Amino acid sequence: MQTVFDRLVLEIANQIPRGKVTTFGEAAKALGDVRAARAVSISILRGVRRMGGPWHRFVASDGSLGKFAAEKYELLSSEGIPIRAGRICNLERFLMRAEEFEVQPILLKMRLAQRKLRERIILEDRFESKELVAGVDVAYGWEGDLEIGYGACVVVDSKLDVVEVKTVRMRTAFPYVPTYLAFREMPFIVASTRDVKFDILLLDGHGIAHPERIGEACHAGLVLGKPAVGIAKSILVGRMVNGVIVHEGEEVGHVVKMKGKNPVFVSPGHMVSVETSKLLVKRFWGPYRQPKPLAMAHEVAKKLKNGEISPTIDLLKGD
DNA sequence: GCGACAG
DNA sequence: ATCTTGTCGC
């Protein structure tokens, strides 16, 4: 119950009267995008339920109860909701739809922000140098109902030697919602790269291979004013055509397949071309399943989460 | 059962 | 991404 998203979900929960229910999807739509349905359910379970709120008035779109069905059955039954075979009967009769909620459509606002920001994306090579490449990654964990993120930035030089490592620990400000990943991870990217010297940024996720053509790598490149490349393990949008990711008729990225490794999907974020993005990923690969800076950042973030190392910056207790 | 949506 | 025992493959 700590993020803006959690507070908005709670507002929705408090607008459902006794004898009514809503679905995770309808609540997500009220917030501006059905894609947030999963995030809504997590927020309900870890936030609203723990604080004793009306968590039971949220069900799946087919009327099934979902997690803690037995407990939810008792609570809904006592409020007059008919349930048979684990499903609400005549769901539409008791359902509150998205339009009935009065809540800030935060995801819609974020989508508009993405559309405004994407106008500034440059898909041409604009390098000062290609000597120092930074990789950033974030690991996540829960402490009760508080979600904590552990960010790591690792910089390597042209010989693939690690020249700098910076880490940060802080609370997560936004849940994971497909196509809005940047809003979850940008705070960690900004904090872990602050005062770090590098020429190119690599991160887990997509660049322009995104439904709005502005994935996390674009967002990060724009905010930091640096060339940035996205490297993902699966496709978000588009189809593979001869090693190229094609979305709505445009070439938005490449499939890079290194010997003995699973393929990765590479798309430019900012100040780099589609072609150069691919070459850079190969150039800084190393003996891992992804480019060395990313593999290292992943390891460091995991160690930080496990308490094996302490953070350069700890925003949990000041610093 | 199908389709599947980065991390 | 995280949750997790035993299981599979080199």
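Not measured: the values here are computed from a predicted model. So that the names make sense, note that chain A is the first sequence line, chain B the second, and so on, each numbered from 1.
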Side chain to side chain donor-acceptor pair (under 3.5 Å) partner of A:His56, the single match among A:Glu71, A:Glu74, A:Arg49, A:Glu79: A:Glu79
Going by an N to O cut-off under 4.0 Å, is there a salt bridge joining A:Glu164 and A:Lys197?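 No, this pair does not count.
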Check A:Glu250 with A:Arg213, please: is the shortest side-chain N to carboxylate O separation under 4.0 Å? yes
OP1, OP2 of B:dG7 versus side-chain N and O of A:Tyr140: anything below 4.0 Å?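 It does not, given that no N or O in the side chain of A:Tyr140 lies less than 4.0 Å from OP1 or OP2 of B:dG7.
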Below 4.0 angstrom from OP1 or OP2 of B:dG7, is there any side-chain N or O of A:Thr179?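 No, A:Thr179 has no side-chain N/O under 4.0 Å of OP1/OP2 on B:dG7.
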Counting any heavy atom closer than 4.0 Å, what does A:Tyr150 reach on the DNA or RNA strands: base, sugar-phosphate only, or nothing? nothing
Over all strands shown, is A:Ala209 touching base, sugar-phosphate only, or nothing at heavy-atom distances under 4.0 angstrom? nothing
Indicate whether the side chain of A:Glu185 and that of A:Tyr140 have a donor and an acceptor atom separated by less than 3.5 Å. yes
Rounded to whole Å, how long is the line connecting atom [atom1] of [X] with atom [atom2] of [N]?
X	N	atom1	atom2	value
A:Ile42	B:dG7	CD1	C1'	12 Å
A:Leu236	B:dG7	CG	P	8 Å
A:Asp62	B:dC2	CG	P	18 Å
A:Lys67	C:dT2	NZ	C1'	12 Å
A:Asp33	B:dC5	CG	C1'	11 Å
A:Tyr180	B:dG7	OH	C1'	16 Å
A:Arg35	B:dA4	CZ	C1'	13 Å
A:His298	C:dT2	NE2	P	7 Å

Of the nucleotides [options], which has the atom closest to the [X] side chain?
X	options	result
A:Lys305	B:dC5, C:dT2, B:dG7	C:dT2
A:Asp204	B:dG7, B:dA6, B:dC5	B:dG7
A:Arg38	B:dA6, C:dA1, B:dC5	B:dC5

Can A:Tyr176 be said to stack with the base of B:dG7, given centres closer than 5.5 angstrom and planes under 30 degrees apart? yes
Any A:Thr172 side-chain heavy atom under 4.5 Å of A:Gln2 side chain: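 They are not in contact (no side-chain heavy atoms under 4.5 Å apart), so the answer is no.
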